Amino acid sequence: MLDINWIKANPAAFDAALSERKNVPFKASELIAMDESRRSAIAAVEDAQAKRNALSKLIGQAKAQKDEAKANELMAEVASLKDAIQTGEATRKEAEDGLRNALLVIPNIPLDEVPRGADEADNKEYFGLNGSPATAARARPAKPSFSYKPKEHFETGEAMGQMDFEVAAKISGARFVVLKSHLARLERSIGQFMLDLHVDQHGYTEVQPPLLVKDDALYGTNQLPKFADDLFFTPHGESRLALIPTAEVPLTNFVRETILAEDELPLRLTALTPCFRSEAGSAGRDTRGMLRQHQFNKVEMVAITTPEASGDEHEKMLADAEDVLKQLGIHYRVMMLSTGDMGFGAQKTYDLEAWLPGQDTYREISSVSVCGDFQARRMDARVKGKDGKIRHVHTLNGSGVAVGRALIAVMENYQQEDGSIAIPDVLQPYMKGLTSIGAKS
RNA sequence: GGAGAGAUGGCCGAGUGGUCGAAGGCGCACGCCUGGAAAGUGUGUAGGCGGGGAACCGUCUCAAGGGUUCGAAUCCCUUUCUCUCCGCCA
């Protein structure tokens, strides 16, 4: 949620910045007009309340002095204010809700360095701060080469008899998968490895969060009100709960409605959780294989920082996600998303795209975003500085990384001509020392 | 799911219709005291919103929402959460 006072002070910048983004339903001038009526409504109510309070005080004094006549006189006077207060409060609530509801559907303002553009075609490859393409590329694993046409993950997986879409469809329908045997273990190993890496080496605290969340939490991390169609809901009493589409929701909402001390920051949390997405609107996209599922596991990283620290934290979180792919030995590239391709709440987003030789292309495996105070305003998450000043925190989130997609990347990059899959060194301890799976014996 | 008890400031805790954003204590901050510290002592110590350059003023907030009343932390209703007992369960 953007700050109406900022919009008031920078209407041109607001309109210009959001012209780069899709579906922005309001102009600055409309929001400012809404704010005007909100504030005049507040002034009207408070004026009436002040008069009522003053008179009530006098009534108390009159009664204390047993002056019933005066008390009655004052009571008659204050009665006339009642209507004004009541209708004023209704007007005020309407105006406040109107402005808030408008602000809730306005996306975040991209940072200056974000490439302007309409869609992913305008994304720019990112080589690190002050980093040249050459040096950044040297630190990354190389593309593997094959003496045959590399297979896609579902070909190998089905041939192994350890990846089964038909059984999954019988149980749950389309966009589900069943993994079995060594492949199931490999999936688990990848998740464990990544979680351990972030906890042991990158300074995150491991969390087991709830997987069902309230609407309030979803408003905080901007799934609501605009993206309800992407979620699975389950009835709960008179209300409902949503299955988390990402652990970003519970982890970021850790700090909702709190004022943190500055020395508690940065707060770095990570969790390995299932994620549930209805994928409404994705009909026909990525229907083969397990690239796009209703349910998948993901390691998520979340950081809560001061406004000053969020930029550096974003680079750190990107490096933390990159480290996963470096250690797994998977070639990848980093893209800075353009204004047209960024998520609703992001100020700036880096996508990690893993090389998938079977598909002969790069595919998104992680997305690392800095949201500024956008989510903090929605959640009312603040930090009290050493000087006593209270400001909204900054929030960041990134996948570190999606487990299902990492499994795909391992399967395609480590495939062998005989249909087996070599196990990356860092995963072997998790695989009880297995160096290869799926080989014909 | 049933029965009961509760929810007050960073924490503990007083407050059953009037000047209560709220006693007292703890904690914290700053000062005094001290060679330094402890003890002692003094002062200060919530947030939102509106107005204002600021000092400051107004308003709202005692779990949340609604109601009664001239006036609600205090009375009534609904909801949420916590605790105890029973049932059930991993």
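As the structure is a computational prediction, the values presented were derived from the model and not from experiment. Per chain, numbering begins at 1; letters A, B, ... match sequence-line order.
Under the ring-ring contact (aromatic ring centres under 6.0 Å, His included) criterion, His182(A) pairs with no residue, sequence neighbours left out. For Arg268(A), the salt bridge (Lys or Arg N to Asp or Glu O under 4.0 Å) partners two or more places apart in sequence, or in a different chain, are Glu313(A). Remark: Phe233(A) engages no residue in a ring-ring contact (aromatic ring centres under 6.0 Å, His included) (not counting sequence neighbours). Applying the ring-ring contact (aromatic ring centres under 6.0 Å, His included) criterion to Tyr126(A), with sequence neighbours excluded, gives Tyr350(A).
Residues from residues 371-390 of chain A with heavy atoms under 4.0 angstrom of RNA chain B, sorted by number: Arg382(A), Lys384(A), Ile390(A). Contacts with RNA chain B (heavy atom under 4.0 Å) in residues 29-39 of chain A: Arg38(A), Arg39(A), listed by number.
Applying the side-chain hydrogen bond (donor to acceptor under 3.5 Å, both in side chains) test to residues at least two apart or on different chains, none of the pairs has a partner in residues 9-20 of chain A. Here side-chain hydrogen bond (donor to acceptor under 3.5 Å, both in side chains) pairs that include residues 225-234 of chain A, with residues two or more places apart or in two chains, number zero. Residue pairs meeting the side-chain hydrogen bond (donor to acceptor under 3.5 Å, both in side chains) criterion with at least one member in residues 24-33 of chain A, sequence neighbours excluded, do not occur.
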Expected list for residues 102-118 of chain A: side-chain donor-acceptor pairs under 3.5 angstrom, two or more places apart:
from      : atom 1 : to        : atom 2 : distance (Å)
Asn108(A) : ND2    : Gly345(A) : O      : 2.9
Asn108(A) : ND2    : Cys371(A) : O      : 3.0
Glu113(A) : OE2    : Lys348(A) : NZ     : 2.8
Arg116(A) : NE     : Val114(A) : O      : 3.1
Arg116(A) : NH2    : Leu111(A) : O      : 2.9
Arg116(A) : NH2    : Asp112(A) : O      : 3.2
Arg116(A) : NH2    : Val114(A) : O      : 3.2

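A stem is defined here as three or more consecutive Watson-Crick or G-U pairs, each with both distances under 3.5 Å; for RNA chain B these stems are B:1-7 with B:80-86, B:10-12 with B:24-26, B:27-32 with B:40-45, B:46-51 with B:56-61, B:63-67 with B:75-79.
Of all nucleotides in RNA chain B having an atom under 4.0 Å from a heavy atom of chain A, the first and last in 5' to 3' order are G18(B) to G71(B).
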